[in-house]
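Okay, so here's the structure we're looking at.
Owing to the predicted nature of the structure, the values given are computational and were not obtained by experimental measurement. Just so it is clear: chains get the letters A, B, ... in the order the sequence lines come, proteins before strands, and each one is counted from 1.
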Protein chains: 2
Amino acid sequence: MLFKLAVDCIILAYDPGDNQLKVLLVQRENEPAKGQWALPGGFVDEPEDFVVTAARKLRQETGVAVGYLEQVHAYALTDPTRDQRLASVAYYALLDLAHYAPAADRTHLAQWFSLTQLPGLPFDHGPKVQDAWQRLQEAARSRPVPFYLLPQKFPLNQLQRFYEALYQVPLDNRNFRKWVKGLPYVEASAEMETNVSRRPSKLYRFSAAAYEAFAKATQLTPY
Amino acid sequence: MLFKLAVDCIILAYDPGDNQLKVLLVQRENEPAKGQWALPGGFVDEPEDFVVTAARKLRQETGVAVGYLEQVHAYALTDPTRDQRLASVAYYALLDLAHYAPAADRTHLAQWFSLTQLPGLPFDHGPKVQDAWQRLQEAARSRPVPFYLLPQKFPLNQLQRFYEALYQVPLDNRNFRKWVKGLPYVEASAEMETNVSRRPSKLYRFSAAAYEAFAKATQLTPY
DNA sequence: GCAAAAGTGTTCGCAATACACCCATGC
DNA sequence: GCATGGGTGTATTGCGAACACTTTTGC
């Protein structure tokens, strides 16, 4: 039994405008479900690893070399209206929204949607987005994922709002800042915000080198 | 481009004899790599979800209805000696070793190997086993996986030795017991070990109902 | 009585939680 | 001067970590 293999991309970004996690959806240009909002992706048509296929699809949709790409799950598509055996492998990608630069001729076909207010999605794209979100939540407990979704320099409160959006819980500002200041890999920069009509915030940055050292030193606790 | 799709099963069990995690390998009956120890599995040849295929392969190899089956990863097989496009989806399965009952005509073809002393495996089966082990370690932090690998009634010290094998670290007996006794879903039974030439241990059991209640009540901590 | 593993308590330090007010800027 | 979000400290509590000896059984 032979399968056509598709790759679905769950492209995630954090929108500082409304403090929400967003997913990029495209309007399908072909049947089935033509015209509906759905996950970008396509068939694997090169003899290459799926992650390479996903990275290419992604570059086409976003115009950006992706920083973080991770497999979520492989799905057998059991939709009986499809006449072929299909399987799909889902990847989620993390993006700094500010770097999003779609090909100009595709702009009208792609749009960001809040994870909390998704439209109805065709096929099993809805559950796939949820699966990706959950994987991202788990990944963030052991890897520095927030920094792929934020600008290089960011205020601490933006980082807090990101965590609040990721886990959908409110966090205490003082405790959060105390926690972050204990992380050796989040460094204060000399820069401040400018042109804001309030007290300007200090900008912080992620240090990959410090993170590597920290990760190496940190032992797994068994339970 | 069309693919043949295979399912690989990483069948894991805990051996109380030597306190080691074991994986079930089979001797390949066909080329390529005929005669070598490798992961059981096979091609997806029914229009069904992969997990169903995996469960069937598993039942054929172990004679047991599996308690726990989880997808690890989907792999594109890039081995150039293979003449077809192949992809495989790996699942790990958890088994109580005492229930392992292979079909009699297959016994000589299957054997348990310690995760820490694996033979050289063909294709990418070595990395797949490692990936599965790591996924199991992660799953055990948020789900009650140990109880799929232990007998229904077990002494606490066996549970401790399981954790030591899973994470490859020694644990302090008093702290471990204190921790377990704080878990509402591990209950003491009235039974004791018998016929052991030492102080008999009390047997404990896992309560799925208590676990559900506990899991519902436990909030996620965000970071 | 000896071998072998089961079982038991206390202290310490750190990290998570709860909680409310002052500060710097643009307009 | 006021609106807006940035920034700060302390007390409490619970949990993980370190650490050594007694108990029960079969032989």
Side-chain angles (χ1 to χ4, degrees), chain A residues 15-20 140-142 150-151 153-165 167 169-205 214 217-223, chain B residues 15-19 140-142 150-151 153-167 169-205 214 217-223:
Chain A
D15 185 344
D18 58 2
N19 301 318
Q20 297 249 283
R141 292 178 197 281
S142 59
L150 294 176
K153 306 261 176 83
F154 54 87
L156 286 193
N157 285 353
Q158 192 172 28
L159 182 61
Q160 176 180 340
R161 285 188 294 265
F162 164 75
Y163 272 100
E164 292 174 330
Y167 293 108
V169 290
L171 298 177
D172 179 84
N173 183 253
R174 282 168 293 188
N175 293 336
F176 179 80
R177 300 174 75 91
K178 207 188 316 168
W179 173 69
V180 174
K181 288 184 175 172
L183 302 178
Y185 50 86
V186 180
E187 305 174 334
S189 76
E191 294 169 54
M192 306 285 280
E193 266 184 327
T194 51
N195 279 353
V196 287
S197 90
R198 53 159 203 261
R199 179 172 175 175
S201 47
K202 188 182 267 196
L203 298 178
Y204 288 75
R205 93 171 73 80
F214 173 80
T218 305
Q219 301 285 4
L220 288 174
T221 49
Y223 48 83
Chain B
D15 186 344
D18 59 2
N19 300 319
R141 292 178 197 281
S142 59
L150 294 175
K153 306 260 176 85
F154 54 87
L156 285 192
N157 285 353
Q158 193 173 29
L159 183 61
Q160 176 180 340
R161 285 188 294 265
F162 164 75
Y163 272 100
E164 292 174 330
L166 176 60
Y167 293 109
V169 290
L171 298 176
D172 178 84
N173 184 255
R174 282 169 292 186
N175 291 337
F176 180 80
R177 300 173 77 90
K178 208 187 317 166
W179 175 69
V180 174
K181 289 183 174 174
L183 301 178
Y185 51 85
V186 179
E187 305 175 333
S189 77
E191 294 169 55
M192 307 284 282
E193 266 185 327
T194 51
N195 280 353
V196 288
S197 89
R198 51 154 205 264
R199 178 172 177 176
S201 47
K202 187 183 269 195
L203 297 179
Y204 288 75
R205 93 171 73 83
F214 173 81
T218 305
Q219 302 287 4
L220 288 173
T221 49
Y223 45 85

Query - Phosphate contact (C:dG7 OP1 or OP2) by B:R177 side-chain N/O below 4.0 Å - result: yes

Query raised in the report: What is the distance from atom CG of B:N19 to atom CD of B:Q158, rounded to the nearest 0.5 Å?
Result: 8.0 Å

Report task. Strictly below 4.0 Å, heavy-atom distances to any atom of DNA chain C: list the hits from residues 180-193 of chain B, or just say none. Result -> B:K181

Query raised in the report: Phosphate oxygens OP1/OP2 of C:dA6: is one of them under 4.0 Å from a side-chain N or O of B:N157?
Result: yes

Report task. Rounded off to whole Å, could you give me the CG-to-C1' distance for the A:N175 and C:dC14 pair? Result -> 14 Å

Query raised in the report: Looking for any heavy atom pair under 4.0 Å, which part of the strands does B:N195 touch: base, sugar-phosphate only, or nothing?
Result: nothing

Query - Nearest-nucleotide pick for B:N173, side chain only, options being D:dC19, D:dG7, C:dG7 - result: C:dG7

Requested in this report: For A:P200 and for B:L156, locate the closest nucleotide of DNA chain C by heavy-atom distance; then report the residue assigned to the nucleotide nearer the 5' terminus.
Outcome: B:L156

Report summary line: From CZ of B:F176 across to C1' of C:dA5 the rounded distance in Å is 16 Å

**Report entry** Touch class at under 4.0 angstrom, heavy-atom based, for A:K178 against every strand present
**Finding:** base

Query raised in the report: Where the side chain of B:W179 is defined as all heavy atoms beyond and including C-beta, which of D:dG7, D:dG16, C:dT8 is the nearest nucleotide?
Result: D:dG16

Report task. Give the intermediate values and the outcome of side-chain contact (heavy atoms from CB on, under 4.5 Å) for residues B:L171 and B:Y163. Result -> CA-CA 8 Å; B:L171 298 176; B:Y163 272 100; 3.7 Å; yes

Report summary line: Nearest heavy-atom approach of B:D172 to B:Q160 is C-NE2, 4.2 Å

Report summary line: A:K202 atom NZ is separated from D:dG5 atom C1', nearest whole Å, by 17 Å

Query raised in the report: Between A:R141 (CZ) and C:dA16 (P), how many Å, whole number?
Result: 12 Å

Query raised in the report: Expressed in angstrom and rounded to an integer, what is the separation of B:Q158 atom CD from C:dG7 atom P?
Result: 12 Å

Report summary line: A:R198 atom CZ is separated from C:dT25 atom P, nearest whole Å, by 12 Å

Query raised in the report: Taking the six-membered ring for Trp, are A:W179 and A:F176 parallel (under 30°), tilted (30 to 60°) or perpendicular (over 60°)?
Result: tilted

Report task. Please list, chain by chain and in numerical order, all residues satisfying side-chain contact (heavy atoms from CB on, under 4.5 Å) with B:D18, sequence neighbours excluded. Result -> B:D15, B:Q20, B:K22, B:S114

Query - Whole angstrom value for the distance that separates C1' of C:dC12 from CG of B:D172 - result: 14 Å

N/O donor-acceptor pairs under 3.5 Å from side chains in residues 180-189 of chain B, not counting sequence neighbours:
from, atom 1, to, atom 2, distance (Å)
B:E187, OE1, B:R205, NH1, 3.2
B:S189, OG, B:E191, N, 3.2
B:S189, OG, B:L203, O, 2.8

Report task. Using whole Å, report how far CZ of B:R174 lies from C1' of C:dT8. Result -> 8 Å

Query - Closest listed nucleotide, where the reference is the side chain of B:S197 and the choices are D:dG6, D:dT24, D:dG26 - result: D:dG26

**Report entry** Euclidean distance, B:N173 CG relative to B:R161 CZ, rounded to 0.5 Å
**Finding:** 9.5 Å

